[in-house]
Structures are given as C-alpha cells and as structure tokens.
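See structure below.
All figures in this text were calculated on a predicted structure; none of them were measured in a lab.
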There are 2 protein chains.
Amino acid sequence: MDRFENMQAFVRVVEAGSISGAADRMGVAKSVVSRRLRELEAHLGAELFHRTTRQMNLTDTGRAFYQQSVRILADVLEAEHATSQSHGALKGSLKVALPLSFGLMHLGPAINEFLQAHPDIEFDLDFNDRQVDLLAEGFDLAIRIASLADSSLIARRLAPIQAVMCASPAYLERMGTPQSPAELINHRCLVYNLISNYEHWNLRDAEGQWIKTKITPYLKASNGEFLRNAALAGLGIVLMPTFIVYQEIASGRLIPLLPGYQYAQLAAYAIYPQTRHLSQRVRAFVDFLVKRFDGLPYWDVCLQDKTQE
Amino acid sequence: MDRFENMQAFVRVVEAGSISGAADRMGVAKSVVSRRLRELEAHLGAELFHRTTRQMNLTDTGRAFYQQSVRILADVLEAEHATSQSHGALKGSLKVALPLSFGLMHLGPAINEFLQAHPDIEFDLDFNDRQVDLLAEGFDLAIRIASLADSSLIARRLAPIQAVMCASPAYLERMGTPQSPAELINHRCLVYNLISNYEHWNLRDAEGQWIKTKITPYLKASNGEFLRNAALAGLGIVLMPTFIVYQEIASGRLIPLLPGYQYAQLAAYAIYPQTRHLSQRVRAFVDFLVKRFDGLPYWDVCLQDKTQE
DNA sequence: AATAACTGTTCCGATATCAGCAACAATAAG
DNA sequence: CTTATTGTTGCTGATATCGGAACAGTTATT
C-alpha cells in the first residue's frame with residue numbers, strides 16, 4: 001500500500017470532482033482509484049467523502065486532509081526535483097577558492113573531469129592560499145587544507161593530507177642521513193609554512209608520543225613547488241605534503257626520511273556556507289569531489305611502502 | 001515502486017547509521033532495505049550515500065534530501081493522525097448554538113445518536129433563535145436556517161428547508177380553500193418570522209415567476225410550534241417549514257394549500273469559524289450531521305405526494 | 001597477524017499484490 | 001422512460017515484493 005499513491009489518488013479525485021475523471025487523467029482504470037480511496041479511508045479510519053452513490057462530496061474531515069495532502073505532495077515533488085539533478089542538466093556558475101599547489105596539481109584534473117559530465121557549469125576559480133571570506137566575497141565553495149572547524153560553515157572532508165620528510169640523494173650523501181629527530185638540528189631545513197612553524201617540526205614516534213623538534217631553517221618559502229625544487233637541487237630537507245612530492249619519491253629523486261615517525265594529520269576540506277537551500281551545483285560538485293578523493297589518495301598509494309621503510 | 005516506503009527506509013537508514021540496523025528496527029530483511037535504497041537513488045538519479053562497502057556516508061545531496069524527507073514524513077504522520085479519529089476516542093466539549101424548533105425536533109435526536117457513538121463528548125447546547133457571535137461567545141458551532149454566506153465563517157449545508165402553506169380542515173371548511181395567491185388577502189394568516197416578513201409572502205408559480213402576495217397578518221409569533229398549534233385550532237393559514245408540520249400534514253390534521261406554488265428555498269447550515277486546525281470534534285460532528293440529513297429530509301419524504309397535488 | 005564478526009549486495013524461488021476488465025447497481029440527463 | 005454515466009465489486013493474470021542464503025569486503029578482537 002503506497003501511501004503517497006493513495007494520497008495522490010485522493011487529491012486527484014478531489015480536484016477532478018469524480019473518480020472517473022481522476023482515473024482518466026491518471027490513465028488508470030477507475031476501479032483502481034476507487035480501491036485506493038477505500039484503502040485510504042480504511043487506513044485513516046475516517047470517511048473522506050460523503051458518498052451518494054453518484055455524487056462525491058468532501059466531508060470536513062476530508063477537506064482538512066485534502067489541504068494537508070496537497071501540501072505534502074507538493075513537498076515531495078519539490079524534494080525529489082531538487083534532489084534529482086536530471087543528470088547533467090546542471091547549469092550556472094560556481095565560484096571556488098582553491099589552494100595554490102593542491103589546486104593546481106590535483107583539483108585541476110578533478111575539475112576538468114567534472115566539467116566533462118556537466119559542460120554547462122562555468123567555473124570561476126581563484127587559486128590563492130590566503131584565507132578568504134566566503135560570504136563576503138561571494139564564493140560558493142572553498143577548498144582548504146587544514147584541520148579547522150568553523151561553526152557557521154559546513155566542512156566536508158575530501159582527502160587526508162599526509163606529510164613526509166625528504167631530501168635528495170645528493171644532499172644525503174653530502175650531509176648524511178638523519179637517524180633520529182635530534183639530528184635534524186645539524187641539517188639544513190627548507191621550511192614550508194602551511195604545515196609547520198618556523199622553528200619546530202612536530203613529529204610523532206612509534207608509541208604515539210609527540211616530539212617537538214627544533215630545526216634550523218635554512219630557507220623559508222610559502223610555495224610548495226619552489227621548496228620541492230630546492231630539495232631536488234640538494235639544498236636541504238623538506239617536510240611537505242605527499243601530494244606535492246609523491247612523484248619524486250616514487251622515482252627516487254627524493255628519499256623519505258625518518259620512516260618511523262608521523263606528522264600532524266591534516267586533511268583537504270570543501271567548505272561552504274550553511275544555506276537552507278544549497279544549490280544543486282555546489283552539492284553535486286562536493287559529492288563529486290568526495291567520491292573522487294575517497295579512500296587512500298592516489299598520490300599516497302605508491303608511497304605506502306616507501307615511507308614505511 | 002512505493003515512494004513512501006522508499007523514503008521511509010532511507011530516513012531509517014540515516015537515523016540508524018546502517019542498513020542492517022534500519023532493517024532490524026523495521027523488522028524486515030536487510031536485502032529489502034538495500035533494494036529500496038537503490039530504487040530510491042535510481043528514481044532520483046542521484047547518489048544519496050557515499051558507499052565504502054562497509055561505511056555509509058551521506059552525500060550532500062542525500063543530506064538535503066534527508067532533511068526534507070524527515071519533514072515530509074512527519075507531516076504525513078501528523079495529517080493522518082489528525083484525520084483518523086481513532087474511532088470513538090473523541091473527547092472534549094462542543095458548544096453549539098441551535099435554532100429552537102428545528103433544534104428540538106430534529107437536531108435533538110441526531111445529537112443523541114452522535115453521543116452514542118462518542119460518549120466522551122460533552123455537549124453544551126444553546127437553543128436560541130437569536131443571532132449569536134460564534135467567536136465572541138465561544139461557540140464551536142452554530143446551526144442556522146437561512147441562506148446566508150458569511151465570508152469569515154464556513155457554512156456547510158445540512159438539509160433543504162421547504163416551506164408549506166397549510167390550514168386545518170375546520171378552518172378551510174369555514175373560510176373556504178384559496179385557489180390562488182390573490183385570495184389570500186381575504187384569509188387570516190398566522191405569520192412566522194423566520195421565513196416571511198409581516199406583510200407579504202413570496203410565492204413562485206409553476207413558471208418560476210415570483211409573486212409577492214399581500215396578506216393579512218392575523219396573528220404574529222416567533223415560535224413555530226405555537227403557530228402550528230394555532231393553525232391546528234383553526235385560527236388561520238400558516239406558511240411554515242415542513243419540518244414543523246410534516247406529521248400533521250401526513251395525518252391530515254393540516255391541509256397543504258396552493259400546491260402549484262413554491263416558496264423561498266432555505267437550508268439548514270452548520271456554521272463554524274475558519275480556523276487552521278479545526279478540532280476533530282467539530283469536524284466529526286459536522287460530518288455526522290451532513291450524512292444524517294443527506295438527501296431528501298425524512299420530514300419531507302412523506303409529504304412529497306401531498307404537497308404536489 | 002589472523003581469525004571472527006559484521007556490513008552491504010546480489011540472486012532466487014515462493015508468495016502476495018495490484019492493475020485491468022467486465023458486470024452490476026444506482027443515479028442524472030435528455 | 002430510455003440512455004449514459006458513475007462508483008463498486010469480483011475475478012484473473014502479470015508483476016512485484018519478500019525473505020533467506022551465499023558472497024565480497026571491512027573492522028574488531030584475540
């Protein structure tokens with residue numbers, strides 16, 4: 001017994017004024033409508049119509065139920081329509097704030113892929129690592145790498161961001177390979193702002209103990225790719241997100257260090273305002289990103305063994 | 001495809017956090033819930049859950065649909081609950097204003113009958129022919145005989161009220177039987193306020209023409225039964241609602257006059273305020289009255305032939 | 001580290017349900 | 001008074017739905 005179907009039949013009968021008329025408009029036999037009505041009345045335990053064998057008059061009970069039914073059915077339709085994205089019928093623009101490195105390297109391909117499924121969406125992308133005020137600047141969505149939790153915004157976790165310490169083989173040959181965090185003070189460190197402060201790196205040993213390690217900043221920069229290139233050139237040791245250096249590690253041009261230690265777990269988030277009626281574009285795009293970055297990120301898959309050693 | 005059941009299954013899964021849990025609480029096999037979910041997603045053309053084979057995470061699309069679904073299901077339950085009167089579980093009081101004669105003669109038995117079905121309803125009856133202000137005096141309902149249409153009130157037609165002109169055989173023998181409206185001026189008329197003014201009676205002939213007939217008021221009273229008794233005593237001709245005199249006409253103690261003519265069509269109405277949430281008591285009682293007085297009123301059934309002649 | 005417990009999905013056979021048709025009773029219309 | 005229409009009901013075949021079991025993948029526990 002489909003309660004929506006019964007309800008709808010009831011509403012159609014009220015609007016058509018007769019069972020036959022309603023059945024015609026619905027394209028079913030009138031016996032079906034009749035039975036649905038009776039089923040509904042039995043379910044409610046109340047008479048909706050005052051039947052005169054030929055005439056159908058709403059009872060007051062029925063009139064009250066009709067008004068509520070109409071609203072409910074409209075709500076159902078609205079909910080279904082708002083949810084069903086009609087597969088590719090998404091249109092409009094999407095203004096997104098992206099972090100520089102992660103955005104260029106990993107979100108770019110994702111956006112291209114999304115655009116192929118929804119060609120009528122226009123992206124307005126702002127690659128920038130500064131904090132932006134979503135509402136003030138009219139962003140639909142921001143992608144951030146952090147561990148923040150803002151109450152007025154919804155944050156959807158997209159992917160874990162792992163950090164890895166590494167250096168080029170040439171550097172290690174020249175300066176030696178550190179075997180413990182304490183040795184780091186004798187090395188040249190290339191410092192990336194996003195996941196570390198300037199003076200210390202926070203490591204976690206195998207027992208889960210946090211170790212605040214003093215380092216020697218040799219070069220500071222806010223751009224991950226610049227630091228990666230510096231490390232490749234043998235300038236020092238970097239602590240960076242794996243998504244930037246995974247290819248270099250995989251190919252052996254950078255060597256992971258201190259494999260027994262872990263770093264602060266960050267994550268990439270999609271962040272957007274809490275509006276009552278979130279646009280289908282934003283919902284669809286975030287759903288797409290969550291699905292695409294689900295599980296262990298592809299940039300970490302090939303490192304799983306190397307960083308463990 | 002039962003949309004209601006699918007929606008409910010979806011909500012239960014969200015609330016239980018898993019398909020198995022939802023299936024347990026719903027008392028069905030988990031395969032059923034799984035299939036319902038897939039069906040719903042297919043119907044919407046959108047992914048509601050982000051599945052990880054073991055974990056079920058709501059997509060943003062799903063979260064939005066969930067919020068709407070919860071509200072819809074609550075609305076359905078509320079509508080059904082408000083409509084279903086739980087068969088006799090009606091309680092509370094019902095303050096009703098009734099017309100004197102009609103109330104005593106015909107509504108009284110109806111109310112008794114209603115009370116047998118709903119013993120927990122307490123009636124507060126005010127038999128009075130004066131106009132009462134429903135809202136000011138706290139009436140739930142008023143029964144009126146009129147043809148009014150007040151915008152702020154809902155009026156439900158209960159029964160047609162026919163009028164009939166009649167006199168006792170003794171009177172007619174003494175004064176003669178009028179054959180046309182014009183002769184009425186030579187007769188003694190007993191005037192009832194409710195359906196006539198003091199100086200004229202409006203009749204309609206067989207062609208539908210309205211005839212304003214001057215009469216001679218011999219006795220004026222606002223109480224129908226008093227006038228009926230006066231007519232029975234042979235004091236004159238009355239024009240009254242059939243519901244007062246139908247037994248006397250049926251038994252021959254009063255003779256219908258001018259059978260070819262009709263009178264203003266009045267009706268008995270149930271009148272009540274237009275409140276958003278009409279109490280179930282009022283709805284149930286009005287529904288009951290409408291049904292009870294449906295069709296040709298029983299007091300007119302036996303007169304149908306007599307008044308036609 | 002390896003088993004155990006649990007999750008969601010899929011397939012399959014028995015069962016129940018539902019749509020449509022046709023006949024019927026009752027009423028309004030011409 | 002006949003005709004057409006309305007709502008209801010019984011019946012039959014097609015359809016869908018249910019529950020159970022097997023399966024694949026994941027977490028928890030030992």
request  = Starting at atom CG of B/D24, determine the distance to atom C1' of D/dG19, rounded to an integer number of angstrom.
outcome  = 14 Å
message = Need one value for A/V28: base, sugar-phosphate or nothing, where a base atom within 4.0 Å counts as base even if backbone is also close, heavy atoms only.
response = sugar-phosphate
query = Below 4.5 Å, heavy atoms only, C-beta onward: do A/F114 and A/L289 meet side chain to side chain?
reply = no
message = Heavy atoms only, 4.0 Å cut-off, all strands: where does A/S31 land among base, sugar-phosphate and nothing?
response = base
task = Using only side-chain N and O atoms of B/R38, determine if any of them is under 4.0 Å from OP1 or OP2 of C/dG8.
result = no
inquiry  = Measuring from atom CG of A/L158 to atom CD1 of A/I271, what distance do you get when rounded to the nearest 0.5 angstrom?
reply    = 9.0 Å
ask   = Given atom CD of B/E41 and atom P of C/dG8, what is their separation to the nearest angstrom?
value = 13 Å
ask   = Does B/H50 use its side chain to pair, donor to acceptor, with the backbone of A/D287 at less than 3.5 Å?
value = no
ask   = In whole Å, what is the span from the CE atom of B/M1 to the P atom of C/dT17?
value = 19 Å
request  = Could you check how far CD of A/E5 sits from P of C/dA19, rounded to whole Å?
outcome  = 8 Å
request  = Starting at atom CG of B/D2, determine the distance to atom C1' of D/dC18, rounded to an integer number of angstrom.
outcome  = 14 Å
ask   = For C/dT17, does OP1 or OP2 lie under 4.0 Å from any side-chain N or O of A/R35?
value = no
query = Nearest-Å distance, CD (A/E39) to C1' (C/dA19)?
reply = 13 Å
ask   = Is the phosphate of D/dT8, meaning OP1 or OP2, less than 4.0 Å from a side-chain N or O of A/S34?
value = yes
Euclidean distance, atom CZ of residue A/R12 to atom P of D/dG7 [Å, nearest integer] = 15 Å
request  = Starting from P on C/dC18, measure out to CZ on A/R3 and report it in whole angstrom.
outcome  = 14 Å
ask   = What residues form a ring pair (Phe, Tyr, Trp, His ring centres under 6.0 Å) with B/F4, not counting sequence neighbours?
value = A/F4
ask   = Is there side-chain contact between B/F65 and B/T61, with heavy atoms separated by less than 4.5 Å?
value = no
remark   = Against the side chain of B/K30, the closest entry in C/dA19, D/dG7, C/dT7 is C/dT7
